[in-house]
Amino acid sequence: MQELEEQLSNESSPSDEMLNHYGNVQEKFESLGGFSIEDRIVNILKSFGLEEQMYLPMSFISGGERVRVELARILLSDAELLLLDEPTNHLDMTGIIWLENYLKTTHKAFIVISHDREFLNNTVKKVVQLEDGKANSYKGNYSEYVKQKKEEIERLKKSYELQQREILRLKKLIRQFRQWANEGDNQDFYKKAKEIEHRLERMILIKEPPRNENRLRVEVKSTEKAGKEQIVVEGLVKTIGNRILFENANFTVLRNDRIAILGDNGSGKTCLLKILMGQIKADSGTFKIASSAKIGYVPQIITFSDVNLRLIDVAKTLIGNEQEARRELAKFAFYASDVTKRIKDLSGGEKVRLYLMTIFQKKINLLILDEPTNHLDILAREEIEQVLSKYQGTLIAVSHDRYFLKKIFNQSLIFQNGTIDRYDSLPIDLV
Ligand SMILES: Nc1ncnc2c1ncn2[C@@H]1O[C@H](COP(=O)(O)OP(=O)(O)O)[C@@H](O)[C@H]1O
Ligand SMILES: [Mg+2]
């Protein structure tokens, strides 16, 4: 349209054809939303943290940003049905909450795949679970689904047990009738036994419901006694190029603190942890880590030195004895044939579990995790939560998973506008 406007302004007497063409284009522009669509585009890109990238060509932007652009494009289209596959994976809290509000108020229908339990709680009215090749649907949000599922398993368990008891009773009866039939050579008893056998054969068997036992039996080793002040940060500054990530950061981590690190993508959370781990340098300021601190660090991107190694070899290198190594792997829910898998064939959740296994072999008392639940499914998230709820030492973790945060943490370190603020609670909109 701008091009046409330029051409028109250069013509002293524009042709009817040109004017008509301009009219048509203008009409189309209006019907697509006109200038208001531009506001909406800017708004949505801002909420998804793409303000700075707004005018960049697509070839310049990162994988995560690409996903967010795609999401924005779909939300702005006039599609009546949205299919969203793990939409929160590449969003930070600001983006997630924006998307939640959008889905809460939109009249469009949507189907979403997600492992973000809080997000599901806030958006969906129906849950479909795919299990054993079947799709079962439940009314309500995620928590309501969990409740119904639990009741369903209870019911199944009862009917399973009743049926098993009935099967035993019938089998006993068959034996009884056969015995009587043999003893008295009585055809009636034979017939009765046959009848019951038929009944048994026709019975539709109820599958044994899954047992709800904990798969992980992690014993967190008794940790060395830690000093009171585990980490003291004073006046820390970090810049990347011309951009200040944070400046004058001052905070203290005390023994047994459980601190959630929160902040938008790119705000410098990972950089702070790398500084504390001595992997990169701050521009200025100091930090002190207590000599009593025994650190276990799970980086945002987990790497193993040799991905061709099998799990059992990894464990044996750490533990020595094969039997002990197997026992230790079993505590982290790697059983039987799992232990001969190669690292490169593990799922995301399995990799985190294996990494935690290696870390928990040492006596640690300061655990630092960088987005440990990202890309994990709900079962794997619950497993990590189980491990962490048993762990007694000091805990610091970056996460955008509100369900996880509420379950495990009670303090926070918030990255915002180039500052880091320490609070003795989680942000109010989380709890
Ligand atoms: N080695 C590096 N070179 C250039 N930029 C970097 C480097 N490491 C991090 N950054 C940039 O610094 C910013 C903060 O990164 P990071 O600490 O990973 O953010 P987050 O809070 O998401 O963990 C990001 O914009 C990132 O692209
Ligand atoms: Mg990070």
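Position 1 is the first residue of the sequence; numbering continues from there. For ligands, and for the atoms within them, numbers begin at 1 and follow the listed sequence. Worth saying up front: this structure is predicted, and the values here are computed from it rather than measured.
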Between F304 and Y355, is the gap from one ring center to the other below 6.0 Å? yes
Numbered in order shown, the ligand 1 atoms found under 4.0 Å of a heavy atom of C271 are 9 (C), 17 (O)
Query - Between E385 and Y403: side-chain donor-acceptor atoms closer than 3.5 Å - result: no
Subject >> Note: K108-E80 ion pair, threshold 4.0 Å (strictly below) >> reply: no
| task | State whether any protein heavy atom lies less than 4.0 Å from atom 26 (C) of ligand 1. | result | no
Check for me whether G268 has a heavy atom closer than 4.0 Å to any atom of ligand 1. yes
Within the 4.0 Å heavy-atom cut-off, what T270 brings close to ligand 1 is both
Heavy atom of L272 under 4.0 Å from ligand 1?
no
Here the atoms of ligand 1 under 4.0 Å from any heavy atom belonging to N265 are 22 (O)
Within 4.0 Å of some non-hydrogen atom of D264, the atoms of ligand 1 are 21 (O)
**Request:** For R243 and ligand 1, answer yes if some heavy atom of the residue is under 4.0 Å from a ligand atom, otherwise no.
**Result:** yes
Check: Taking atom types as modelled and ignoring hydrogens, do the side chains of K149 and Q129 form a donor-acceptor contact shorter than 3.5 angstrom?
Finding: yes
Check your understanding: How are the rings of Y142 and Y145 set relative to one another: parallel (under 30°), tilted (30 to 60°) or perpendicular (over 60°)?
Key -> tilted
| Distance flag for atom 20 (P) of ligand 1, protein heavy atom under 4.0 Å | yes
Next on the checklist: Using a plain distance cutoff, I'd like to know if I240 has any nitrogen or oxygen under 3.5 Å from a nitrogen or oxygen of ligand 1.
Outcome noted: no
Quiz item: Within less than 2.8 Å of the Mg ion (ligand 2), any N, O or S from T270?
Solution: yes
Q) Counting N and O atoms only, with roles assigned by atom type, does the side chain of Y160 sit under 3.5 Å from a partner on the main chain of P209, one being a donor and the other an acceptor? A) no
For atom 1 (N) of ligand 1, is the nearest protein heavy atom closer than 4.0 Å? no
Side-chain donor or acceptor of R68 paired with backbone N/O of F48 under 3.5 Å: yes
State, without any angle test, whether E371 and N374 hold a side-chain donor-acceptor pair at a distance under 3.5 Å. yes
Under 3.5 Å, is there a donor-acceptor pair between the T270 and Q300 side chains? yes
The closest protein heavy-atom partner of atom 14 (C) of ligand 1 is G266 O, 3.4 Å
